[in-house]
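Accompanying notes for the structure given below.
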Number of protein chains: 2
Amino acid sequence: MSPRRSVAATRDTHRAIVRRAMDVASVEGLDGLSIGGLASDLGMSKAGVAGHFANKQQLQLEAVDAAVELFTAAIAPALRERAPGLDRLRAGVEAWFAYLEDTPFPGGCLIQAAAAEQDGRPGPVRDAVVAADDRWRAFLLRELHAAIEAGELPADTDAEQRCFVLLALGAGLNQAAQLRADPRAGDRARRAARPLLDG
Amino acid sequence: MSPRRSVAATRDTHRAIVRRAMDVASVEGLDGLSIGGLASDLGMSKAGVAGHFANKQQLQLEAVDAAVELFTAAIAPALRERAPGLDRLRAGVEAWFAYLEDTPFPGGCLIQAAAAEQDGRPGPVRDAVVAADDRWRAFLLRELHAAIEAGELPADTDAEQRCFVLLALGAGLNQAAQLRADPRAGDRARRAARPLLDG
DNA sequence: CCTACCGATCGGTAGG
DNA sequence: CCTACCGATCGGTAGG
């Protein structure tokens, strides 16, 4: 009588669809998603999948949101108990590089892939990807500024320049890992980042 | 009688199709190309476009080849008369960054976009993109090693590490320019690259 | 280089 | 969550 069990099952199905959508999108891109393809992967009918979303764009947006949540969950533990500044910045960058080395997706970090795919296409999906990227960039900048204020970095440190290089090392690590399957990419990025994380 | 004029016109049409395909692919990806879409853009019939290529994959491969040619043509003049080693490396990196800042495509460097798109999809298109990327990587490594042999860089310089960071700065510049439209990205990449191009 | 067509798949919906 | 369908578009081809 009460729809309790049915609601839980619906939620589980919804999550399974979004989970599969992230995996597919990490390889085929957010525009490579197809409702029929996901249905086939999950042993469902096309309408059964489509009924969980207003339209395909909502599915894409949910995949981006879920990927951001996975990233956040992967990074957050490393940040706990760390003081703002270099300590927290080092922990965040290390967790980030480890995430890029060993992503929870078959095609590498979904946000990196979506950023490259969507960078030329205006719209809500691009906006969501940019917002995700901005949040990480803001974290790096915030900790760099905290390090300057704490005297861990010289007062004339160019935080934006350091942030640019850290983001570049992440992009380069991702590219080397995905395109070249280079097992040393992570350590190369760490070595290049080290002088940026010191006073 | 002689098909001379017809052959030339056919070649021009072929080039126009590939040129348009590069522009579209720089925004929509190589998998975002459609023969019907190109036909509409060029005021041709779908079969008129399709007849120039054995199949869609051949069109994708020709777009990659043409993009490599455009890149090579943009870089080559800067390398003329430059001695192997740091002088040639600096000229190449400067031309490369300038190319990434101001690409001949509406969606940014096609090779960078295709590398991110294709990195998880085995096949001839991915192979062509990787080969293009490898050629540029080989150039950087060759000049770094020439600089070491010429005594411009210490004998214990880690050429692969420097190459990794230069490639990362290119990826970061491309991302900042395309995703963020950051007008300072080029200069930030140049500043970060400077210590890597010196003894 | 064209018209006209093929089967397959797309996103989305009606109706249950 | 299903079957069954809509119009549109896909890559590709026959025939001229």
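Numbered from 1 within each chain, the chains take letters A, B, ... in sequence-line order. All values below were derived from every heavy atom in this structure, side-chain atoms included, with hydrogens, water molecules and symmetry-related copies excluded.
Nearest-nucleotide mapping onto DNA chain C: of A/A54 and A/G37, the residue sitting toward the 5' end is A/G37.
No contact: A/H14 has no heavy atom under 4.0 Å from any strand. Using a 4.0 Å heavy-atom distance criterion, B/L33 is classed as a sugar-phosphate-only contact. Within the 4.0 angstrom heavy-atom criterion, only backbone atoms of the sugar-phosphate kind lie near A/S34; the bases stay farther away.
At least one side-chain heavy atom of B/L166 sits less than 4.5 Å from a side-chain heavy atom of B/L197.
Under the 3.5 Å distance criterion, with hydrogens and angles disregarded, a donor-acceptor pair is assigned to the side chains of B/Q118 and B/D31.
With a heavy-atom cut-off of 4.0 Å to chain B, the contacted part of DNA chain D has its first and last nucleotide at D/dC10 to D/dT13.
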With a cut-off of 3.5 Å and sequence neighbours excluded, list every side-chain donor-acceptor pair involving residues 92-99 of chain A.
from  : atom 1 : to     : atom 2 : distance (Å)
A/E94 : OE1    : A/R190 : NE     : 2.7
A/E94 : OE2    : A/R190 : NE     : 3.4
A/E94 : OE2    : A/R190 : NH2    : 3.2

Should B/R184 and B/E101 be marked as a salt bridge (Lys or Arg N to Asp or Glu O under 4.0 Å) after you check the CA-CA gap, both sets of side-chain angles, and the distance that decides it? CA-CA 10 Å; B/R184 287 158 307 191; B/E101 267 187 305; over 6 Å; no
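Contacts of B/D23 classified as side chain to side chain contact (heavy atoms under 4.5 Å, CB included), with partners at least two apart in sequence or in another chain: B/R19, B/F105, B/P106. Taking A/A159 as the reference, A/L141, A/L144, A/H145, A/I148 meet the side chain to side chain contact (heavy atoms under 4.5 Å, CB included) condition, with sequence neighbours excluded. A search for side chain to side chain contact (heavy atoms under 4.5 Å, CB included) contacts involving A/A25 returns A/L30, A/L33, A/L110, not counting sequence neighbours.
Taking OG1 from A/T157 and CD from A/E152, the interatomic distance works out to 11.0 Å, rounded to the nearest 0.5 Å.
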Dot-bracket encoding per residue of DNA chain D, Watson-Crick/G-U cut-off under 3.5 Å, | denoting interstrand: ||||||||||||||||
